[in-house]
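Let me begin by presenting the structure, written as structure tokens, before commenting on it.
As the structure is a computational prediction, the values presented were derived from the model and not from experiment. Letters go in sequence order (proteins before strands), and every chain restarts at 1.
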2 protein chains.
Amino acid sequence: MVTMKEIAKRTGVSISTVSLVMNHRDAGRVKPAIAAHVREVAEELGYQVNPMASSLRTNRTRTIGFISEEVATTPYAGGMILGAQSAASQLGYLLITVSTDGGMDEGEEIDALNRYGADGFLYAKMSNRVTGLPDRLKHSPVVLVDATDADGTIPSIEPDEYRIGYDATKRLVDAGCERIAYVGCSEPMIAQEGRLAGYRAALEEAGRKIDDRLIISVLNNGPALEAVSDLFDWERPDGFFCFNDARAWYVYECAARRGLTIGRDVSVVGVDNHRVFAETFSPQLTTVALPHFEMGYWAAAKVISMIEQRPLDDLQWPETTAPMPPLDAEIPAKVHCTLIEKESVRKA
Amino acid sequence: MVTMKEIAKRTGVSISTVSLVMNHRDAGRVKPAIAAHVREVAEELGYQVNPMASSLRTNRTRTIGFISEEVATTPYAGGMILGAQSAASQLGYLLITVSTDGGMDEGEEIDALNRYGADGFLYAKMSNRVTGLPDRLKHSPVVLVDATDADGTIPSIEPDEYRIGYDATKRLVDAGCERIAYVGCSEPMIAQEGRLAGYRAALEEAGRKIDDRLIISVLNNGPALEAVSDLFDWERPDGFFCFNDARAWYVYECAARRGLTIGRDVSVVGVDNHRVFAETFSPQLTTVALPHFEMGYWAAAKVISMIEQRPLDDLQWPETTAPMPPLDAEIPAKVHCTLIEKESVRKA
DNA sequence: TTGAAAGCGCTAACAA
DNA sequence: TTGTTAGCGCTTTCAA
């Protein structure tokens, strides 16, 4: 392992000088020629900082913890993690993800993260749930991801559900659908309300009047199929906006039973909760992607800005990379998420 | 933060003594009464080791890196990560997961992990792919997960595909199906061969003769639906073993178009690659679960045993927990995975 | 059976 | 502009 000592010896300067240079704190404090030489030798030797050693002095590890309860059971988490890791990596941080589903103890996992000195945390609850913050997180910078803070004190990143509903419905309008149904979720969720509002808004904007018989809310089980079946037979919609792919499945099943082809006889837009559905159904199923990557990305950026106590757009993004990579080409829609800024408890 | 110094002061012994006690190296070296007192005070103060500090002396961080390329794009990864994290956590290690899909540079991510001093690595390639090992991993203990080593030198954990095919087919036999079809994957994969062999074995064991017209292999696209459709019409199978849920979808679609009900008119067993499908189709679709959790779990245990240079069953599992938690209750089947032991390169 | 002391790689105050 | 020095919390000889 190459150390600063090694570089100091090779360049004939002191370790402190090397430290200054390696931390880019050399402007006006180290002669440019020397700094250049140090950098050169460091490069040559393949020097890498030892973050454990510096953390001992600075109490900063440049790591952030990502706490999620559904890594294994939903595919939601993947995109978020990827986004968070992407931003963290660009900003020189390491993301440490712990999942607390499947018998893992959340408290213990957070303790572990604290032992390893995580500088801040991302706390994710899938599907924009209202949540409280575990006590052990109270003294660190935290950003909620896809979750709403019950106390109203923690910054959070949430999907713009209204916009999602609006976008999806607008596409059906633009596709020429006359009777557009909404197959929603009958569990109380923030997403349901917002998307329904977006659905209504898009229809009204298009000069349609809202027909409540076209709006149904179902669970993900047997009766759902019946409800969708009735919707088909009684209301004869020609466009469906589905809360998620599980709901889209019922529309598919009903269409298949009636000999109708999706994409020709009826149109379907679903929210792409589970990428696999979209892959399988494609290209008939049009999907609106949830901005998981973006949420993770900006949540990480935000928590780093809190750790470093500087504004979000003052972060040291690498010159080679734009702060936000373009959306994945396969994701057909741009939908939005919102950063909700709040007063946050500072790290002690 | 509570340090050993603090405990030493409170108990009136030296830091070295505290260190011995906290590391359970006090047997016969510290008077039992003193050791007990130290432990008591440590407990009282809520002492936690500072792994960064000890790593500075020991060159061990008690972290292992999990490198996966498909966290975001497949739900496979979640179970593995959970299993690996579970074992790591039980054995006092921290799992650091990095995903290399979505524009992340694998080399850079591995460098980051090395900077943070990962003691060993899990290298995952989904769907049991044959793979080489990145150079930067060559000097650390590594276990491949769901992957086969091209060079034949790295230990790996792989699913028992034969057993999966056998189990799935056996269920259809037991359910009374007479004409059991296999809807496989036409891409060359280790899984395909093994499952097909298991399918044949189960049928032969049941005294059936293999009818090759009941075996089809399809991609996940348009022509697949036609192929399955033809299978339905020409061969009239009453049972389907599907390579994965994407293939099962085609069977569902065909059944729906013919007014047939899965679970009544025809039986389907699919391999549960994407949990969401199983949820949606449930309870009609019977699934055989891939042992992702188990693979992750034992891979982590194995790499830790390599790091600590002791046999797998000599590891310090916590007294409160059995080494291997029971399979998740929702997973209906026990399928097996195999640990393939090989000579491995030791950490320098 | 215990403690003093050195040092892991790095940072930061202070002196020169 | 540079170097000296003192530690961060811990482990590990080596002496006592």
Side-chain angles (χ1 to χ4, degrees), chain A residues 1-39 41-42 45-63 92 114-119 308 347-348, chain B residues 1-39 41-42 45-63 92 114-119 308 347-348:
Chain A
M1 182 188 229
V2 188
T3 66
M4 287 192 175
K5 197 171 166 185
E6 176 77 13
I7 298 176
K9 200 163 61 182
R10 299 248 196 166
T11 53
V13 299
S14 76
I15 300 184
S16 338
T17 304
V18 177
S19 175
L20 283 178
V21 174
M22 295 323 287
N23 290 299
H24 305 101
R25 319 176 104 274
D26 58 308
R29 331 234 284 104
V30 177
K31 238 193 302 207
I34 297 206
H37 187 213
V38 167
R39 262 183 260 275
V41 172
L45 265 44
Y47 172 77
Q48 309 252 107
V49 275
N50 181 331
M52 337 305 273
S54 22
S55 82
L56 220 48
R57 288 287 330 204
T58 59
N59 276 320
R60 293 262 115 99
T61 53
R62 298 190 79 85
T63 59
N114 272 323
R115 252 198 320 277
Y116 280 88
D119 295 335
E308 301 188 348
K347 191 166 196 163
Chain B
M1 184 189 228
V2 188
T3 66
M4 288 194 175
K5 197 171 168 185
E6 176 75 13
I7 298 176
K9 200 165 59 182
R10 298 250 194 164
T11 53
V13 299
S14 75
I15 299 182
S16 334
T17 304
V18 177
S19 175
L20 282 177
V21 174
M22 296 322 289
N23 290 300
H24 305 101
R25 318 176 106 274
D26 58 309
R29 330 235 283 103
V30 177
K31 239 193 298 208
I34 297 205
H37 186 210
V38 167
R39 261 184 261 274
V41 172
L45 266 44
Y47 173 77
Q48 310 250 105
V49 276
N50 180 331
M52 337 304 274
S54 21
S55 82
L56 219 48
R57 288 289 323 210
T58 60
N59 274 320
R60 291 263 113 97
T61 52
R62 297 189 78 85
T63 59
N114 272 323
R115 255 199 317 277
Y116 280 88
D119 296 335
E308 301 188 348
K347 193 166 197 164

Legend entry - Min side-chain heavy-atom separation B:Met52-A:Ser55 under 4.5 Å: yes
Legend entry - Protein-nucleotide distance (A:Ile7, atom CD1; C:dG9, atom P), rounded to Å: 12 Å
Legend entry - Below 4.0 Å: OP1/OP2 of D:dG9 and any side-chain N or O of B:Thr3: no
Inset, instruction - Determine: side-chain N/O of A:Asn23 to OP1/OP2 of C:dT11, distance under 4.0 Å, yes or no. - result: yes
Legend entry - Pair of N/O donor and acceptor under 3.5 Å linking D:dG7 base with A:Arg57 side chain: yes
Inset, instruction - Scan A:Ile34 against the nucleic acid and name what it touches under 4.0 Å (heavy atoms): base, sugar-phosphate only, or nothing. - result: sugar-phosphate
Legend entry - Side chain of A:Arg29 (C-beta onward), nearest among C:dC10, D:dG9, D:dT2: D:dT2
Inset, instruction - Verify the distance criterion only: is there a donor paired with an acceptor across the side chains of A:Ser14 and A:Thr17 at less than 3.5 Å? - result: yes
Inset, instruction - Describe the nucleic acid contact of A:Ser54 in one word from base, sugar-phosphate, nothing, applying a heavy-atom distance below 4.0 Å. - result: sugar-phosphate
Inset, instruction - Return the 5'-most residue of the pair B:Arg25, B:Met52 with respect to DNA chain D, ranking by each residue's nearest nucleotide. - result: B:Met52
Legend entry - side-chain N/O B:Ser16 vs C:dT2 OP1/OP2, d < 4.0 Å: no
Inset, instruction - Check step by step if side chain to side chain contact (heavy atoms under 4.5 Å, CB included) holds for B:Thr3 and B:Asn50. - result: CA-CA 8 Å; B:Thr3 66; B:Asn50 180 331; over 6 Å; no
Inset, instruction - May I ask you to verify whether the side chain of A:Ser19 and the base of C:dA12 hold a donor-acceptor pair under 3.5 Å? - result: no
Inset, instruction - State which of C:dG3, C:dA12, D:dT1 makes the closest approach to the side chain of A:Lys31. - result: D:dT1
Inset, instruction - Can you figure out which of C:dG3, D:dG3, C:dC10 approaches the side chain of A:Ser14 most closely? - result: D:dG3
Inset, instruction - Give the nucleotide from the list D:dC10, C:dG3, C:dG9 with an atom nearest to the side chain of A:Ala53. - result: C:dG9
Inset, instruction - Using the side chain to side chain contact (heavy atoms under 4.5 Å, CB included) rule, take B:Tyr116 and B:Thr63 through it: C-alpha gap first, then chi angles, then the decisive distance, then the call. - result: CA-CA 9 Å; B:Tyr116 280 88; B:Thr63 59; 5.9 Å; no
Inset, instruction - Among the candidates D:dT2, D:dG9, C:dT2, find the nucleotide nearest to the side-chain atoms of B:Val30. - result: C:dT2
